Amino acid sequence: ILWGKSTSSFDVEYKVYNNDNKFYNNDYLDEYGSYISSITDKIDFSIRYIFSTTENLDIDYTYDLYGEVLAEVYESGSTSPVWSKELDINMENTEKVGTGNFLQLNKEITIPFKEYNDMMIEYKKNYNINVSSYIKFTIKVKIDSLKSINSNISNTDTLTITIPLLQPTFKIDINKDVSNNRDIYLLTKNEQNNLFLKIAISGIILTIITALVLFIIY
């Protein structure tokens, strides 16, 4: 029987902080559009993941976060990596709230854009190669099961954020892969009763066979 529904979503807010310059008076820019690489200092992300169901359940989940700086070259009609560095992102500082039919994960991430962009400028200059580069980090939340009930829900929601480097201007690309309006099913009462009936009949048959064997032997 259809027992309930579940929904999930990622909400992302960010601020792009600038170095001192004579054109931008504010310390940071909100989600504005494109940004100038040469004056960008860092980017602060505020990420929120929400999972909720129509029924009061105990939600079980796993959470994973990974980020890296990548350098790629274009050869033979496709790109291939030539260098990468893992981002230092502390997953333990993720805040969890919610009980019953609601789960919320909050994560604050700071990306030192200038540090990584300067690093890739030096890399490109030292090796004199035509390289493209970007920062990329991914958050995955897997809802494995709903405790204490017999349900069929299992899914993974993914957020991927990509920030180009080595460009005069850049735009932050945010890709959300979530499944909304999922149905939650439970075994019907009749199916459960049929299961118990089959077990009971099997036990009776086994008892009769055992009694006949003992009667013949003794």
Side-chain angles (χ1 to χ4, degrees), residues 8-50 63-95 104-142 156-180:
S8 59
S9 64
F10 282 103
D11 293 329
V12 181
E13 296 179 354
Y14 59 86
K15 297 177 180 178
V16 178
Y17 287 83
N18 294 323
N19 296 316
D20 291 335
N21 64 88
K22 63 180 181 180
F23 292 102
Y24 296 90
N25 297 324
N26 296 331
D27 292 335
Y28 63 85
L29 300 174
D30 291 317
E31 293 120 46
Y32 187 74
S34 295
Y35 306 92
I36 301 174
S37 298
S38 60
I39 64 172
T40 300
D41 180 28
K42 65 178 182 177
I43 307 171
D44 283 351
F45 289 92
S46 180
I47 300 170
R48 181 176 61 178
Y49 171 79
I50 296 176
Y63 173 73
D64 187 39
L65 170 62
Y66 180 76
E68 60 183 345
V69 184
L70 288 167
E72 297 178 338
V73 293
Y74 185 82
E75 290 182 333
S76 304
S78 63
T79 57
S80 59
V82 291
W83 180 85
S84 66
K85 174 181 174 63
E86 184 175 349
L87 297 181
D88 184 17
I89 302 176
N90 187 357
M91 190 170 65
E92 300 301 324
N93 289 338
T94 302
E95 179 190 8
Q104 179 174 320
L105 300 174
N106 299 316
K107 182 67 179 175
E108 305 291 330
I109 298 175
T110 297
I111 300 296
F113 178 88
K114 184 178 186 305
E115 174 186 338
Y116 293 131
N117 196 53
D118 289 347
M119 180 189 304
M120 297 316 303
I121 291 174
E122 181 181 1
Y123 180 92
K124 185 176 180 180
K125 180 179 179 181
N126 285 347
Y127 295 103
N128 193 27
I129 56 177
N130 187 18
V131 63
S132 61
S133 180
Y134 54 90
I135 301 168
K136 181 178 180 180
F137 62 92
T138 301
I139 295 175
K140 290 185 178 181
V141 184
K142 183 178 181 183
T156 301
D157 294 321
T158 305
L159 171 71
T160 302
I161 297 179
T162 305
I163 308 168
L165 300 173
L166 295 177
Q167 297 182 11
T169 61
F170 68 93
K171 187 175 182 179
I172 298 173
D173 180 47
I174 300 175
N175 184 29
K176 305 174 185 179
D177 184 9
V178 297
S179 300
N180 284 318

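Note that this is a predicted model, so its numbers are computed, not measured.
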Drop me the distance from Leu159's CG to Asp11's CG, to the nearest 0.5 angstrom.
-> 10.0 Å
Where Glu13 and Glu31 come nearest, the two heavy atoms and their spacing | CA-OE2, 3.4 Å
Do Lys107 and Leu105 have side-chain heavy atoms sitting under 4.5 Å apart?
-> no
Criterion side chain to side chain contact (heavy atoms under 4.5 Å, CB included) against Tyr14, the qualifying member of Ile109, Asp30, Leu29, Ile172 = Ile172
Working to the nearest 0.5 Å, report the span between NZ of Lys114 and OG of Ser38.
-> 10.0 Å
Counting heavy atoms not belonging to Lys124, are there more than 12 under 6.0 Å from its NZ?
-> yes
Kindly indicate whether the side chain of Ser132, heavy atoms from C-beta on, has any atom under 4.5 Å from the side chain of Leu166.
-> no
Would you check if there is a donor-acceptor pair between the side chains of Glu86 and Tyr66 at a distance under 3.5 Å?
-> no
Would you check if the distance from the ring center of Phe113 to the ring center of Phe170 is below 6.0 Å?
-> yes
Would you kindly say whether Asp157 and Ser8 are connected by a side-chain donor-acceptor distance under 3.5 Å?
-> yes
Kindly say whether Asn19 contributes a backbone atom to a donor-acceptor pair with the side chain of Asn21 at under 3.5 angstrom?
-> yes
Do you know the tightest heavy-atom contact between Ala71 and Tyr123?
-> CB-CE2, 4.5 Å
Beyond-backbone contact of Val16 with Tyr28, side-chain heavy atoms, under 4.5 angstrom = no
Is there a side-chain contact between Ser9 and Val178, using heavy atoms and a 4.5 Å cut-off?
-> no
Report the distance from atom CG of Leu165 to atom CD1 of Ile135, rounding to the nearest 0.5 Å.
-> 4.5 Å
Between Gly33 and Lys171, the two heavy atoms sitting closest are O-CG, 3.6 Å
Hey, does the side chain of Thr79 reach the backbone of Val73 with a donor-acceptor pair shorter than 3.5 angstrom?
-> no
Hey, are the side chains of Lys85 and Trp83 touching, using non-hydrogen atoms and a 4.5 Å cut-off?
-> yes
Say you draw a straight line from CG of Asp41 to CD of Glu115; how long is it, rounded to the nearest 0.5 Å?
-> 10.0 Å
Would you verify whether the NZ or CZ of Lys176 falls within 45 degrees of the ring axis of Phe10 while also being under 6.0 Å from that six-membered ring's centre?
-> no
Verdict with reasoning, Thr160 to Lys136, per side chain to side chain contact (heavy atoms under 4.5 Å, CB included) | CA-CA 7 Å; Thr160 302; Lys136 181 178 180 180; 3.5 Å; yes
Crowded around Asn126 CG? As in, over 12 foreign heavy atoms under 6.0 Å?
-> yes
Side-chain heavy atoms of Ile47 within contact of Phe137, under 4.5 Å | yes
For the residue pair Ile163 and Tyr116, establish whether any side-chain heavy-atom pair is separated by less than 4.5 Å.
-> no
Is any side-chain heavy atom of Ile139 less than 4.5 Å from a side-chain heavy atom of Tyr49?
-> no
Taking atom CG of Asp27 and atom CG of Asp20, what is their separation to the nearest 0.5 Å?
-> 8.5 Å
Say you draw a straight line from CD1 of Ile39 to NZ of Lys22; how long is it, rounded to the nearest 0.5 Å?
-> 12.0 Å
Closest non-hydrogen atom pair between Val131 and Glu72, with its separation | CG2-O, 3.1 Å
List the atom of Leu87, the atom of Glu68, and the distance in Å for their closest heavy-atom pair.
-> CG-N, 3.4 Å
